[in-house]
Amino acid sequence: MSVVVEEGFIPERRKARTGTVSGLALMTGATAMAAVGGGHHSVFATILLALLALGMAHAFTVEIQRQAHRRTGRWDRHDVINIALLAGWAFVALTIAALPYPSFSVRVLSLLLTFSYTAACAYFVAERRRAIAGAVRAPAPSASVMSESSPV
């Protein structure tokens, strides 16, 4: 898809990806789990792991925005896969929270991850719907308008 910018065309550079959103979600959750329930860490190691998890959470949010704001104008297979994977991670986190053998801190973090992944699903859907509605409202210029404006 191309957009008109000052009498020229710029191709769409955002490509649909499925692994980046789910991978960042998994890495963020795993790093947070390592910080909370990873064994006998020093305070310094725990703080560093927590800061790394926060940084990856930011990258995860930016990637959700990037994937949601593609200008395809419709839901794509990649969008459904991203939502399904995020919902799957939320289910896995909820399952970990419901198991009897993890420690209390791991259970609390699992519940927090469940709510975070569910919120990420809702955020992706809302942003994707907003991007699709914006693409539908801004129609592409017709060929007759393009030929009238070009000095050929």
Side-chain angles (χ1 to χ4, degrees), residues 1-38 46-99 102 104-150:
M1 176 172 210
S2 299
V3 290
V4 178
V5 177
E6 297 178 3
E7 297 185 35
F9 285 96
I10 297 176
E12 176 70 43
R13 291 186 287 189
R14 296 178 187 153
K15 294 186 179 168
R17 295 182 182 166
T18 55
T20 54
V21 172
S22 177
L24 281 169
L26 180 61
M27 287 176 24
T28 302
T31 305
M33 280 289 186
V36 169
T46 303
I47 290 171
L48 281 178
L49 283 169
L51 288 174
L52 179 62
L54 284 174
M56 290 189 343
H58 172 70
F60 174 51
T61 306
V62 169
E63 184 63 22
I64 285 176
Q65 291 172 349
R66 194 182 147 285
Q67 288 296 317
H69 286 243
R70 290 179 291 109
R71 295 185 206 127
T72 57
R74 62 183 174 87
W75 276 89
D76 202 9
R77 175 177 53 101
H78 300 287
D79 301 325
V80 175
I81 292 172
N82 280 330
I83 293 298
L85 287 172
L86 285 174
W89 292 130
F91 179 74
V92 168
L94 184 62
T95 302
I96 291 172
L99 293 175
F104 178 73
S105 59
V106 171
R107 285 185 186 176
V108 170
L109 179 64
S110 293
L111 284 175
L112 181 66
L113 286 174
T114 301
F115 294 127
S116 298
Y117 292 151
T118 305
C121 283
Y123 180 63
F124 182 82
V125 169
E127 289 293 312
R128 188 69 186 133
R129 290 184 65 181
R130 186 175 302 140
I132 290 171
V136 170
R137 273 188 256 135
S142 64
S144 62
V145 172
M146 291 299 295
S147 63
E148 292 171 4
S149 65
S150 63

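Atom set for the values below is all heavy atoms of this structure, side chains included, hydrogens, waters and symmetry mates excluded. Position 1 is the first residue of the sequence; numbering continues from there.
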Roughly how far, to the nearest 0.5 Å, is [atom2] of [Y] from [atom1] of [X]?
X	Y	atom1	atom2	result
Thr28	His58	OG1	NE2	11.5 Å
Thr20	Phe60	OG1	CZ	10.0 Å
Trp89	Thr114	CH2	OG1	12.5 Å
Ile64	Cys121	CD1	SG	8.0 Å
Leu26	Leu86	CG	CG	11.0 Å
Leu112	Tyr117	CG	OH	10.0 Å

Let me check something: any side-chain donor-acceptor pairs from residues 30-37 under 3.5 Å, sequence neighbours excluded? List them with distances.
residue	atom	partner	partner atom	Å
Thr31	OG1	Met27	O	2.7

Taking it one step at a time, do Val21 and Leu85 satisfy side-chain contact (heavy atoms from CB on, under 4.5 Å)?
-> CA-CA 9 Å; Val21 172; Leu85 287 172; over 6 Å; no

Arg130 side chain vs His69 backbone, donor-acceptor pair below 3.5 Å = no

Partners of Thr46 by side-chain hydrogen bond (donor to acceptor under 3.5 Å, both in side chains), sequence neighbours excluded?
-> none

Which residue pairs pass the side-chain hydrogen bond (donor to acceptor under 3.5 Å, both in side chains) test with at least one member in residues 77-87, sequence neighbours excluded?
->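 Only Arg70-Asp79, Asp79-Arg128 qualify under side-chain hydrogen bond (donor to acceptor under 3.5 Å, both in side chains).
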
